[in-house]
Amino acid sequence: MLRFTDTLTGDKTEFVPRNAGRVSIYACGPTVYDVPHVGHARSALTYDVLRRYLRWRGFEVSLVQNITDIDDKIIKRAAERGTTEPDIARIYEADYDHEMTRLGVEPPDHRPHATEYVAEMVAFVDELMATGMAYVVEGNGVYFRASKLADYGALAHRSADELREGAGARVEIDERKEDPLDFVLWKAAKPGEPTWPSPWGPGRPGWHIECVAMSLDILGESFDIHGGGDDLAFPHHENERAEAVGAGKSFARYWVHNAMVNVDGEKMSKSLGNFTTLGTLLDNYDPRALRLLVLQTHYRKSMEINGPALDQALRGLERLDALARRMPDVDATGAVDAATAQTFADDVDDDLATPSGVALIFETARRANAALDSSNRALAASLVATVHALCGAFGLALEAGATETDAEIDALIAARQAARGARDFAEADRLRDEITALGIVVEDTPSGPIWRRA
RNA sequence: GCGUCGGUGCCCGAGUGGCCAAAGGGAGCGGCCUGCAAAGCCGUUGCGAAAGCUUCGUGGGUUCAAAUCCCACCCGGCGCUCCA
């Protein structure tokens, strides 16, 4: 039975999709004003894994991830660089794409841009105006009237009054609002900023109303899962929900939030300056090591991503690759071990418990190696196929190794074999040192030596 | 301050009433395999020869039984209006 922890209820609840066999997911994407960092990677990997896993479980999955390509930060960055907002957005969206590709994150089924949905957003705000859920502050824009929504604060698990008490704890309250909880839906134009026409004068979109417009347009009302980083739960998602519910629409049926990446115990963020850019990390590590590391921690638990942690994950990954290398002709298309696959599904179904799934993968790999050691090739083939398949369910592709040939290396290996045959082990070891110096690892197996790049 | 999530063995990290001295990964140690390696497998890493004893932030409590439930406290993450 599939279950997820729903942020709205705070409970782990059975997941029943809107339409049997089909799952619709809206995952909050980046605001493209800077390069992606490791925290973005965790989020992206979480929803990539969720989608792939659900697909592996037989669901047809539709994933929407937006690109927010107009907002304050983009405007600020464009001004700093002396360029235009579309330029900034284009540059960093391309960068995001590039890193996601390297990470092995599949492109979403739909990737709407905020700037493509301005007309829909205006129409949405208009609806809210018509029902009294919103009001105009002359010269500032249109605000959502939070007091009109009975359960504003539901995602934050706070009552409106509690929220009012806490309001201003970190950010100054805009005194022009009727209520501290009200938030802007449409921002009136300021000089030099990009604007779009509206019934309330030229301006631009406010609090992530693009997510509401796009999710409802593409996925429809009552779509299944709305996901994102848990720093978005309030106010970002709270406000989205308010906008949708305020307009009388059924919004997301389940809210899923992934936890943050920490650095020395603190959240990785731009403002703290403690971030590792994703590009730098991927230049130095196998992207699969990052995926495995993320899979080994439950998505709702904050985690550290640093060199030592990645090194550990890399070592584990090497074990799996080594197994794949032992049976290079077996892949995920082979007959999988049904009992293992069932256990895997039972485990992971419980709130996307990928750490349990990974544990089972390693357990299966161990059994496969043991079967190979005792020459039980039929069992081994089934287990290796299972390892490939389960890794595949998490988007982890194992590398069965070098299919490449290299005349120089082949010659050295042949020479070493000849020396070994002649029991001239001093010469054999010298040749192996020479090969090692080229960055190659040689492994002797019952069927002869194999090599790979270290 | 309020809300929320968490504090587990050498490290990372699962585990939410008994099957737990506690998955899996990493690291260490011993063994097997190998000419030697690598890879792999087996065992082992709280105390004890064993029966057993003591462990899962701290202190209480509930229960026949608690890492798991309740209360208090300490510590940490995140959020409290434009951060994934």
Side-chain angles (χ1 to χ4, degrees), chain A residues 5 7 10 12 27-31 36-44 46-47 68 71-73 146 153 155-159 162-174 177 180-184 187 206-208 227-236 238-239 257-262 265-272 292-293 296-298 300-304 308-309 311-319 322-323 325-326 347 353-363 365-366 368-374 420 423-425 428-429 432 441-445 449-450:
Chain A
T5 299
T7 307
K12 201 147 68 172
C28 269
T31 298
H37 66 221
V38 176
H40 297 102
R42 183 183 193 187
S43 222
T46 299
Y47 300 103
T68 296
D71 97 317
D72 291 1
K73 289 180 173 171
L155 268 176
H157 297 278
R158 315 284 312 273
S159 70
E162 287 170 330
L163 284 169
R164 283 188 191 95
E165 271 176 43
R170 208 184 63 177
V171 179
E172 261 184 75
I173 298 166
D174 183 343
K177 298 190 290 192
L181 302 187
D182 293 349
F183 56 90
V184 68
K187 296 186 177 187
W207 256 103
H208 294 285
D230 72 8
D231 54 348
L232 300 184
F234 188 91
H236 184 141
E238 188 77 52
N239 290 355
H257 291 98
N258 62 278
M260 299 290 98
V261 172
N262 288 165
E266 275 191 315
K267 174 183 168 184
M268 177 178 290
S269 73
K270 299 270 163 74
S271 52
L272 288 167
L292 181 58
L293 181 60
Q296 281 177 315
T297 305
H298 187 80
R300 285 170 38 78
K301 186 169 178 179
S302 57
M303 67 183 295
E304 299 272 340
D311 287 335
Q312 282 195 18
L314 198 55
R315 298 285 322 200
L317 184 63
E318 281 167 5
R319 283 198 61 195
L323 175 65
R325 243 181 283 124
R326 289 186 81 176
D347 286 353
T354 58
S356 300
V358 169
L360 186 64
I361 287 170
F362 277 102
E363 173 85 24
R366 200 208 81 241
N369 274 312
L372 277 165
D373 285 351
S374 59
R420 293 181 73 208
R423 303 195 65 78
D424 183 356
F425 296 120
D429 288 347
R432 184 165 59 200
V441 178
V442 192
E443 294 177 7
D444 298 326
T445 74
I450 59 175

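In what follows, chains are A, B, ... by sequence order, proteins preceding strands, each numbered from 1. All values below come from the heavy atoms of this structure, side chains included, with hydrogens, waters and symmetry mates left out.
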Subject >> Phe234(A) over G79(B), stacked by centroid distance under 5.5 Å, angle under 30° >> reply: no
Original post:
Across all strands, who's sitting opposite A49(B) as a Watson-Crick or G-U wobble pair, both distances under 3.5 Å?
Top reply: none
**OP:** Would you mind classifying the nucleic acid contact of Arg158(A) as base, sugar-phosphate or nothing, using non-hydrogen atoms under 4.0 angstrom?
**Re:** base
**OP:** Looking at every strand, decide which applies to Arg326(A) at a 4.0 Å heavy-atom threshold: base, sugar-phosphate, or nothing.
**Re:** sugar-phosphate
**OP:** Round to the nearest Å and state the distance from Asp71(A) atom CG to U81(B) atom P.
**Re:** 17 Å
Original post:
Considering every strand shown, what is the Watson-Crick or G-U wobble mate of C2(B) when both distances are under 3.5 Å?
Top reply: G79(B)
**OP:** Assign Gly39(A) to base, sugar-phosphate, or nothing according to its heavy-atom contacts below 4.0 angstrom with the strands shown.
**Re:** base
Subject >> Nearest-Å distance for atom pair CG/P, residues Asp230(A) and C80(B) >> reply: 11 Å
**OP:** Side chain of Asn239(A) only, please: which of A39(B), A84(B), U81(B) is the nearest?
**Re:** U81(B)
Original post:
When you compare G57(B) with U8(B), how far apart are their C1' atoms, in angstrom units rounded to a whole number?
Top reply: 10 Å
Subject >> Gap between atoms CZ and P, on Arg300(A) and G79(B) respectively (whole Å) >> reply: 16 Å
Original post:
With side chains defined as the heavy atoms from C-beta onward, is the minimum distance between Arg326(A) and Thr445(A) less than 4.5 Å?
Top reply: no
**OP:** Determine the contact category for His208(A): base if any of its heavy atoms lies under 4.0 Å from a base atom, sugar-phosphate if only primed atoms, P, OP1 or OP2 are that close, otherwise nothing.
**Re:** sugar-phosphate
**OP:** Quickly work out the Asn262(A) CG to G7(B) C1' distance and round it to whole Å.
**Re:** 13 Å
Original post:
Can you tell me how far C1' of C12(B) sits from CG of Leu314(A), to the nearest Å?
Top reply: 15 Å
Subject >> Of the listed nucleotides A84(B), G35(B), G7(B), the one nearest the side chain of Arg42(A) >> reply: A84(B)
Original post:
Any N or O donor-acceptor pair linking the side chain of Asp444(A) to the base of C36(B) at under 3.5 Å?
Top reply: yes
Original post:
Which residue lies toward the 5' end of RNA chain B, Asp182(A) or Ala370(A), if each is placed at its nearest nucleotide?
Top reply: Ala370(A)
Original post:
Mind checking the P distance from U45(B) to A23(B)? Whole angstroms is fine.
Top reply: 11 Å
Subject >> Sugar-phosphate, base or nothing in reach of Ala233(A), heavy atoms under 4.0 Å >> reply: nothing
Original post:
NA contact type, Phe362(A), heavy-atom cut-off 4.0 Å: base, sugar-phosphate, or nothing?
Top reply: sugar-phosphate
**OP:** Determine the interatomic distance between P on G3(B) and the same-named atom on A21(B); round to the nearest Å.
**Re:** 37 Å
Original post:
Any side-chain heavy atom of Phe234(A) sitting closer than 4.5 Å to one from Leu155(A)?
Top reply: no
Original post:
So what's G43(B) paired with, Watson-Crick or G-U wobble, going by both distances under 3.5 Å?
Top reply: C29(B)
Original post:
Between A84(B) and Asn258(A), is there an OP1 or OP2 to side-chain N/O distance shorter than 4.0 Å?
Top reply: no
**OP:** In whole angstrom, give me the gap between the P atoms of U16(B) and C5(B).
**Re:** 16 Å
Original post:
Counting only side-chain N and O atoms of Lys267(A), is one of them less than 4.0 Å from OP1 or OP2 of G76(B)?
Top reply: no
Subject >> Any N/O donor-acceptor pair, Arg319(A) side-chain to G40(B) base, under 3.5 Å >> reply: no
Original post:
Under 3.5 Å, side chain of Arg42(A) to main-chain N/O of Ala259(A), donor-acceptor pair present?
Top reply: yes
**OP:** Could you please name the option among A14(B), U81(B), A38(B) that lies closest to any side-chain atom of His298(A)?
**Re:** A14(B)
Original post:
How far does the C1' atom of A67(B) sit from the matching atom of C56(B), given to the nearest Å?
Top reply: 5 Å
Original post:
Of all the choices, C36(B), G26(B), G7(B), which nucleotide is nearest to the side chain of Arg315(A) once you look at every atom?
Top reply: G26(B)
**OP:** Using the P atoms only, state how far G48(B) lies from G43(B), rounded to an integer number of Å.
**Re:** 22 Å
**OP:** Would you indicate, yes or no, if U81(B) has its OP1 or OP2 atom less than 4.0 angstrom from a side-chain nitrogen or oxygen of Lys177(A)?
**Re:** no
**OP:** Check if the side chain of Arg366(A) and the base of C41(B) share a donor-acceptor pair of N or O atoms closer than 3.5 Å.
**Re:** no
**OP:** Report yes or no: is there a donor-acceptor pair, N or O only, under 3.5 Å between the side chain of Lys73(A) and the base of C83(B)?
**Re:** no
Original post:
Counting just side-chain N and O atoms, does His236(A) come under 4.0 Å of either OP1 or OP2 of C80(B)?
Top reply: no
Original post:
With sugar-phosphate meaning primed atoms plus P, OP1 and OP2, does Leu181(A) contact a base, only sugar-phosphate, or nothing at under 4.0 Å between heavy atoms?
Top reply: base
Original post:
Reckon Asp72(A) touches a base, only the sugar-phosphate, or nothing at all at heavy-atom distances under 4.0 Å?
Top reply: base
Subject >> 5' priority, RNA chain B, between Val441(A) and Val184(A) [closest heavy atom] >> reply: Val441(A)
Original post:
If you measure from the C1' atom in G18(B) to the same atom in A66(B), how many Å do you get, rounded?
Top reply: 10 Å
Original post:
For the pair made of CE in Met260(A) and C1' in U4(B), what is the distance, rounded to whole Å?
Top reply: 13 Å
Original post:
Does His40(A) make a side-chain N or O approach to OP1 or OP2 of A84(B) shorter than 4.0 Å?
Top reply: yes
**OP:** In whole angstrom, give the distance that lies between atom CG of Asp429(A) and atom P of A37(B).
**Re:** 10 Å
Original post:
Where the side chain of Met268(A) is concerned, which of A84(B), U4(B), G24(B) is the nearest nucleotide?
Top reply: A84(B)
Original post:
C11(B), C78(B), G35(B): which one has an atom nearest the side-chain heavy atoms of Gln312(A)?
Top reply: C11(B)
Original post:
Looking at the side chain of Thr297(A), which of G13(B), C80(B), A39(B) is the nearest nucleotide?
Top reply: G13(B)
Original post:
What does A67(B) pair with, Watson-Crick or G-U, if both distances are under 3.5 Å?
Top reply: none
**OP:** Whole angstrom is fine here: how far is it from CG in Leu323(A) over to P in A38(B)?
**Re:** 19 Å
Original post:
Counting side-chain heavy atoms from C-beta on, which of G40(B), C83(B), U81(B) comes nearest to Asp373(A)?
Top reply: G40(B)
**OP:** Please step through salt bridge (Lys or Arg N to Asp or Glu O under 4.0 Å) for the pair Asp230(A) and Arg300(A), ending with a clear verdict.
**Re:** CA-CA 9 Å; Asp230(A) 72 8; Arg300(A) 285 170 38 78; over 6 Å; no
**OP:** Taking atom P in both G13(B) and U81(B), compute the distance separating them and give it to the nearest angstrom.
**Re:** 30 Å
**OP:** Indicate yes or no: at least one non-hydrogen side-chain atom of Met268(A) is less than 4.5 angstrom from one of Met260(A).
**Re:** no
Original post:
What's the closest nucleotide to the Met303(A) side chain, out of G25(B), G40(B), G13(B)?
Top reply: G13(B)
